[in-house]
Amino acid sequence: MPWDVLDAELAAVPGTVSVYAGGLGRRPAYTRLPDAPHYAASTMKVAVLAALHRAAEAGEVRLGAAVPVVNEFESALPGAGRFACAPDYDNDEAVWDRLGGTAALGWLAERMIVRSSNLATNLVLGHVGLPAVAEVWAASGARHSRTDRGIEDFAARDAGLDNQVTAADLARLFGSIARSRLASPGACAGMLDVLLAQERSEELAAGLPPGTRIAHKDGWVRGVRHGAGVVFPDDAPPYAVVVCTSAPPGGRGEPDDEERDERARRLVTRISAVVWAARHRLGTVG
């Protein structure tokens with residue numbers, strides 16, 4: 001596989017493009033800026049999912065427990081008070097339809113992943129806590145990633161408490177789930193079931209043949225577009241693929257946000273397709 005051709009292509013892309021591709025439990029076959037930091041966007045929700053399933057396995061919570069669906073959360077910044085999510089900034093009306101009622105924690109975790117619900121994320125995070133998410137990152141072997149706050153906790157963000165990932169760390173997180181390294185095989189299988197049920201398929205999944213099994217999570221905000229997951233081919237060993245893109249600040253002559261976002265989406269899809277074409281060689285790098 002001419003990875004040098006892909007390198008040359010990515011070198012011409014403005015901003016930072018990080019890639020990790022490799023068989024599970026092996027050295028990656030290809031990386032590009034794997035330890036470069038990126039704003040996490042919604043990829044942080046995978047660590048929250050893992051923290052919930054670990055807590056359930058430890059008997060600290062029950063996935064079937066009905067919890068109040070509220071839209072008021074304590075800021076991660078001490079003394080900053082409470083904050084709320086904006087409905088227009090979310091992607092899942094189903095959770096908002098439960099506002100004022102209750103919902104099962106496990107169902108909220110599913111909506112957090114399959115529809116990337118921000119409200120569901122903050123509700124789940126409120127029950128597991130930020131320290132539990134930090135333990136997930138540590139247990140997966142992540143070196144640079146962190147989850148310091150909930151979604152739309154702008155007071156914490158402005159104070160420097162933010163959510164950060166790297167391509168290598170996301171590969172470690174997904175690999176740890178797929179290889180049952182974060183919890184029991186049953187608990188990790190439960191996490192994978194949620195990730196395999198992903199309904200948003202604009203990035204990595206779009207670069208694969210229809211019907212290919214992929215446990216994944218995308219993440220996007222202005223100037224950021226990520227895709228991370230584990231692909232399960234029928235004719236090759238499973239492999240991790242992560243693409244993180246962070247655009248430079250816009251300026252005169254630069255494309256608008258919508259055009260820039262579409263370019264980034266197509267780039268993630270293109271890289272996914274390139275890695276798929278090399279799938280028979282990804283697991284042989286020891």
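Ion pairing of Glu202 with Arg265 is absent here, as no side-chain N (NZ or NE/NH1/NH2) approaches a carboxylate O to less than 4.0 Å.
For the ring pair (Phe, Tyr, Trp, His ring centres under 6.0 Å) condition, the pairs that include at least one residue of residues 24-53, sequence neighbours left out, are Trp3-Tyr30, His38-His226. Sorted by first then second residue, the ring pair (Phe, Tyr, Trp, His ring centres under 6.0 Å) pairs that include residues 170-194, not counting sequence neighbours, number zero.
Judged purely by distance below 3.5 Å, without hydrogens or angles, the side chains of Ser117 and Asp92 never pair a donor atom with an acceptor atom. Defined by atom type and a distance below 3.5 Å, a donor-acceptor pair is missing between the side-chain atoms of Asp261 and Trp220.
The line from CG of Leu24 to CD1 of Ile177 is 11.5 Å long, rounded to the nearest 0.5 Å. Residue Leu182 holds its CG atom at 5.5 Å from CZ of Arg54, rounded to the nearest 0.5 Å. Distance check: Thr245 OG1 to Arg225 CZ gives 8.0 Å after rounding to the nearest 0.5 Å.
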Practice problem: Check the pair Arg149, Asp162 against salt bridge (Lys or Arg N to Asp or Glu O under 4.0 Å), reporting the backbone distance first and the verdict last. | Solution: CA-CA 6 Å; Arg149 62 171 178 85; Asp162 218 349; 2.9 Å; yes
Quiz item: Should Val231 and Arg279 be marked as a side-chain contact (heavy atoms from CB on, under 4.5 Å) after you check the CA-CA gap, both sets of side-chain angles, and the distance that decides it?
Solution: CA-CA 9 Å; Val231 180; Arg279 65 192 179 282; over 6 Å; no
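Grouping Ile, Leu, Val, Met, Phe, Trp and Tyr by side-chain contacts under 4.5 Å, direct or through others, leaves Val114 on its own.
The side-chain contact (heavy atoms from CB on, under 4.5 Å) test with Val165 is passed by exactly one of Val242, Leu170, Thr147: Leu170.
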